[in-house]
Amino acid sequence: MESRSTSLNTANPAAASVDPIYAEALKLADAARGYFDGPGIAERAQLPEAARTATALESLRITTRLIAIVSWGLLQQAIRNGEVAAHADRRLSLPDVDVALDLLPARARGLAVASRDLFARAHAADMALAA
C-alpha cells in the first residue's frame with residue numbers, strides 16, 4: 001500500500017526535480033573538493049589576507065550548501081519510498097546572502113555561484129513540494 005506522503009510527493013511536479021538536483025549537488029561537491037583540496041590551496045596562498053579569509057569562509061558556505069542539498073535529496077527519496085513521513089519542519093532554510101564574491105579567485109567564485117544557484121533551485125523545489 002502506498003503511503004500518503006509518497007502519493008503527495010509523486011503527484012507534485014516538483015518531485016521530478018529532486019533527483020536531478022541531488023545528482024548535480026554530488027557532482028558539484030566533487031568539483032568543489034577537487035578545487036579546494038588541490039589548485040585552490042595554491043591560489044588561496046597567493047591572495048591578500050582579506051581575500052584568503054573570504055575564500056576560506058566561502059568554501060565552508062559552499063560545502064554547507066551542498067551538504068544541505070544532498071541531505072534534502074536523500075530525505076526526499078526516503079519520503080518518496082515511504083521510509084519516513086513528510087514533516088513541515090524538514091524544509092530547506094532560506095538561501096544565505098551574498099558576500100564579496102569579487103574577492104574570490106575565479107574558480108572559487110564560479111563554485112560559489114553554482115552552489116548558490118543550485119541551492120536556490122532546491123529551495124524552490126522544496127517549497128513547491130510543501131505546497
* Asked: Got a second to check how far L101's CG is from R116's CZ, nearest 0.5 Å?
  -> 4.5 Å

* What distance separates E83 CD from Q77 CD, expressed to the nearest 0.5 Å? -> 9.0 Å

* Structure fact -> Heavy-atom closest pair (L74 atom, Y22 atom, distance to 0.1 Å) is CD2-OH, 3.4 Å

* Asked: Are K27 and D30 within salt-bridge range, i.e. N to O under 4.0 Å?
  -> no

* Taking the side chain as every heavy atom from C-beta outward, state whether V18 and L129 have any pair of such atoms under 4.5 Å apart. => yes

* Distance-minimising heavy-atom pair for V84 and L75 -> CG2-CD1, 3.8 Å

* Asked: Donor-acceptor pair, S71 side chain versus I67 backbone, under 3.5 Å?
  -> no

* Atom pair NE2 (H123) and CD1 (I69), whose distance is rounded to the nearest 0.5 Å -> 11.5 Å

* Structure fact -> Taking every heavy atom of A122 against every heavy atom of W72, the minimum-distance pair comes out as O-CZ2, 3.8 Å

* Distance (rounded to the nearest 0.5 Å) between T64 OG1 and E58 CD -> 9.5 Å

* **Verdict with reasoning, R65 to S115, per side-chain hydrogen bond (donor to acceptor under 3.5 Å, both in side chains)** => CA-CA 7 Å; R65 273 184 225 110; S115 71; 2.6 Å; yes

* Structure fact -> Distance col, row L103:CG vs T53:OG1, nearest 0.5 angstrom, shows 9.5 Å

* For T55 and P105, work out which heavy atoms get closest and say how close. => OG1-CD, 3.4 Å

* Asked: Between I21 and A125, what is the shortest heavy-atom contact and its length?
  -> CD1-CB, 4.2 Å

* Asked: Are L104 and V113 grouped together when hydrophobic residues (ILVMFWY) are joined by side-chain heavy atoms under 4.5 angstrom apart?
  -> yes

* Structure fact -> dist I62:CD1 -> L111:CG (nearest 0.5 Å) comes out at 5.0 Å

* To do: Answer yes or no: is there a side-chain heavy-atom contact under 4.5 Å between R33 and T63?
  => no

